[in-house]
Amino acid sequence: VARRLSLRKHPECHGMAGGKAIEHLAQTGDRRQHTFRLPMQQYRNCDFSFSGLQNLVNKVIIQKEKEEGIQEGEILSCVKDIAAAAQHAVAVHIIQRTYRAMLFCIKNSILSSRNATLVASGGVASNQYIRKGLQTLADANDFALLCPPPRLCTDNGVMIAWNGIERLRAGLGVLHSTAGIRYEPK
């Protein structure tokens with residue numbers, strides 16, 4: 001969404017990563033100006049998907065570009081409102097799906113209802129709006145919420161690579177040959 005809104009060109013967002021730029025602009029935007037349908041509402045599971053939401057946001061951006069008579073890559077006058085609405089929809093989707101996961105874990109005795117803890121990390125946990133929503137969810141369900149400091153909430157790819165290095169050093173679960181591995185592309 002940040003890329004499609006050309007937030008690198010926005011004067012308030014110079015040098016910010018996309019998610020940080022969305023969060024910054026959303027603080028002064030009006031999320032009620034745009035309502036995005038939440039993804040996957042027909043599925044009663046814990047899966048996340050943001051592709052449908054991204055398509056809805058792109059349609060609004062295209063419509064607003066036409067209304068304002070600007071080309072793709074120029075900054076919309078309503079960019080803060082779109083950022084706020086998109087951030088809100090993402091937060092609600094994450095909170096709903098996380099709540100389902102919490103209920104599933106309690107119902108199936110995967111987690112004790114006493115001293116249960118919700119951990120959020122990675123880039124999403126650096127967003128204060130989402131973090132606040134998760135804190136509200138945790139508080140309402142007697143869970144503790146643990147999040148690393150935002151400076152440590154970076155791309156999960158780095159964490160996965162680090163785990164791979166540690167496993168390689170320890171000789172755990174490392175394949176030295178890919179022969180015999182079967183996979184089926186989607």
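What you see is a predicted model, and the numbers here were worked out from it, not measured in a lab.
If you chain together hydrophobic residues whose side chains sit under 4.5 Å apart, Val92 and Leu145 never meet in one group. Linking Ile, Leu, Val, Met, Phe, Trp and Tyr whenever their side-chain heavy atoms come within less than 4.5 Å puts Leu25 and Val124 in one cluster. One hydrophobic cluster holds both Leu7 and Leu76 under the rule that ILVMFWY side chains link at heavy-atom gaps under 4.5 Å. Note on Leu103 and Phe143: same hydrophobic cluster, where clusters join Ile, Leu, Val, Met, Phe, Trp and Tyr whose side-chain heavy atoms are under 4.5 Å apart, directly or indirectly. Ile70 and Val79 fall within a single hydrophobic cluster, where Ile, Leu, Val, Met, Phe, Trp and Tyr side chains are chained together by heavy-atom contacts under 4.5 Å.
Between the side chain of Asn45 and the backbone N or O of Asp47 there is at least one donor-acceptor pair closer than 3.5 Å. The closest donor-acceptor contact from the side chain of Asp30 to the backbone of Arg32 lies under 3.5 Å. Side-chain atoms of Asp81 never come within 3.5 Å of backbone atoms of Gln33 as a donor-acceptor pair (strictly under, hydrogens ignored). Counting only distance, with no hydrogens or angles, the side chain of Lys64 and the backbone of Cys78 share no donor-acceptor pair below 3.5 Å. When atom types are taken as modelled, the side chain of Ser126 and the backbone of Gly122 share no donor-acceptor pair closer than 3.5 angstrom.
Looking at Lys20 and His24, their side chains never come closer than 4.5 Å, going by heavy atoms from C-beta outward. Residues Arg31 and Tyr129 are in side-chain contact: their nearest non-hydrogen atoms beyond the backbone lie under 4.5 Å apart. Using a 4.5 Å heavy-atom cutoff, the side chains of Arg37 and Leu56 are in contact. Counting heavy atoms from C-beta on, the side chains of Glu68 and Ser77 come closer than 4.5 Å. At least one side-chain heavy atom of Arg100 sits less than 4.5 Å from a side-chain heavy atom of Arg44. In this structure the side chain of Ile75 never reaches within 4.5 angstrom of the side chain of Leu5, judged on heavy atoms. Counting heavy atoms from C-beta outward, Phe36 and His88 have side chains that stay 4.5 Å or more apart.
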Evaluate the criterion side chain to side chain donor-acceptor pair (under 3.5 Å) for residue pair Glu74 and Ser6; output intermediate values, then yes/no.
CA-CA 7 Å; Glu74 295 180 52; Ser6 302; over 6 Å; no
Under the criterion side-chain contact (heavy atoms from CB on, under 4.5 Å), I'd like the reasoning laid out for Val57 against Arg4: C-alpha separation, chi angles, the key distance, then a yes or no.
CA-CA 9 Å; Val57 174; Arg4 184 60 182 84; over 6 Å; no
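Between the NZ atom in Lys80 and the NE2 atom in His10 there is a gap of 5.5 Å [rounded to 0.5 Å]. How far NZ of Lys59 is from CG of Asn55: 6.5 Å, rounded to the nearest 0.5 Å. Of the inter-residue distances, the one linking Leu118 atom CG with Leu137 atom CG reads 6.5 Å to the nearest 0.5 angstrom. Summarising the geometry, atom CD belonging to Glu72 is positioned 9.0 Å from atom CD1 belonging to Ile61; distances are rounded to the nearest 0.5 Å. With rounding to the nearest 0.5 Å, the separation of CG in Leu38 from CG in Leu53 is 8.0 Å. Separation of atoms CD (Gln96) and SG (Cys46) is listed at 11.5 Å; rounding is to 0.5 Å.
A 6.0 Å sphere centred on OH of Tyr99 holds no more than 12 heavy atoms belonging to other residues, nucleotides or ligands. Around CD of Gln71, the count of heavy atoms belonging to other residues, nucleotides or ligands within 6.0 Å does not exceed 12. Around the CZ atom of Phe48, the shell of radius 6.0 Å holds more than 12 heavy atoms that belong to other residues, nucleotides or ligands.
Ile110 and Phe104 get closest at one heavy-atom pair: CD1-CE2, 3.7 Å. Between Ala21 and Met16 the shortest heavy-atom distance is CA-SD, 3.8 Å. The minimum heavy-atom distance between Gly29 and Ala84, with the atom names listed, is C-CB, 3.9 Å. Residues Ala85 and His34 come closest through the heavy atom pair CB-O, 3.2 Å.
A salt bridge does not link Arg131 with Glu23: none of the charged nitrogens is closer than 4.0 Å to a carboxylate oxygen.
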